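By convention here, the first residue in the shown sequence is residue 1. No experiment lies behind these values; they were computed from the predicted model shown. Every number for a ligand or one of its atoms is a count from 1 in the order of the listing.
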Amino acid sequence: MLFWASRLFNGFEWSREVRIELEEDGRIRSLSPGSPPPRDSQRVGLVLPSLVNAHVHLELGPLPLRAPPQDFLTWIGAVLGSRATASREQIRAQAEAGLRALRASGTGTLSEVDSMGLGMEALAKAGREQPFEVRCDAEVLGFSLEADQARALCEERLASIPEGLGAGLSPHAPYSVSSALFREAASMAVPLSIHVSETPEEVEFCRKGTGPFRDLLISLGKLPQAFGAPGCSPLAHLHELGLLGPRTLLVHMQEICPGDLEILEETGSPVVLCPGTISYFGRSAPAYEAFRERGILCALGTDSMASNEELDMFRELAGFRRMFPGVGAAELLRLGTSAGGQALGIPGAGCLREGDSFDALVFSDFPQSSVAETTDILLSRRIPPFILYARGRSVL
Ligand SMILES: [Zn+2]
């Protein structure tokens, strides 16, 4: 197949008048910027890599709340409550609707955190008809689990991930996962994603063992008698347990404690920011500039419909730009494409270079405009129609 694109973003930078030749298997054979349009090519206005959503929970639907709760613990209670009352059919339908929304808004690669086996089921089913590149991290929870039970849980959850999905684990968070469970998850030698440093209450719990998370664990009967607080930041706690490294996604990193930036820099763990969740809870902007200054890899995710209004990565990019208006157009798009692929450890995801799979958004017509104006249009909700390509085939 042969395309000629008036403009192309390859996940890193823009080029113009690009001849794009694909192999039979959907990989890019050649990319030649500055080429005249070949006679038998399909001429299009704009080509972008399909977007990378670095953090989503497909199983979580909107909560039956009139307004976002003021505090995080109330929200957790509402999530647990809605999970307990929804039927498996409702959750399955939610996951499938989430996938349709992601596909319709241009996501081609995603990192799912699966709690109940229904998100991974929806992904496996979709994969047969509509290939997504997927990393599926099976959630593990348990603040009172000892090593043997923890190992059994990790093995069982990993074994439940269908073939064809990239398999990882998601030890949920420092207030819901015991040290033994964290260690066992790390020992499985698979990619990990962990919610960390999301709230001041989590920091308090790790530093001192006090606060609302202590109360919650006591009320659930999950605080072990012998529990002692780590006495450090949530991130330092994970570091001490040997959890960090380039294959461990750290989701949120909203509360930065002294020493955390050095740990991130030293370990190379990528950070995933979720602008929709930040605005849902009315949180302040995260420490993106400090991350960037130290070369810490950042990617973006939608998180779930329980703390966001839509599963749409263009909307996340727009939300990110509102927090960081000074971030340039190419840097912004990188966050939703190549940086996400790199953070997820999926080679070529979010990239359109020679040899990469043609996973792309192809806009037949796109208004002639500068790079800055093009980005404005993409983030403005006035986005022209596009066709999603996965492995060189159109899927939308
Ligand atoms: Zn999450």
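Side-chain contact between Met313 and Thr302 is present, with at least one heavy-atom pair separated by less than 4.5 Å. Side-chain contact check for Asp356 versus Arg27: every heavy-atom pair is 4.5 Å or farther apart.
Under the 3.5 Å distance criterion, with hydrogens and angles disregarded, a donor-acceptor pair is assigned to the side chains of Arg151 and Ser187.
The Zn ion (ligand 1) has an N, O or S atom of His57 closer than 2.8 Å. Taking 2.8 Å as the threshold, Cys274 does not count as a candidate ligand of the Zn ion (ligand 1), since none of its N, O or S atoms lies below it.
In this structure, NE2 of His55 and NE2 of His195 enclose an angle of 100° at the Zn ion (ligand 1), rounded to 10°.
When the N, O or S atoms of Asp303 are ranked by distance to the Zn ion (ligand 1), OD1 comes first.
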Quiz item: Does the pair Arg207 and Ser233 meet the rule for a side chain to side chain donor-acceptor pair (under 3.5 Å), with working shown?
Solution: CA-CA 6 Å; Arg207 284 194 177 286; Ser233 76; 5.5 Å; no
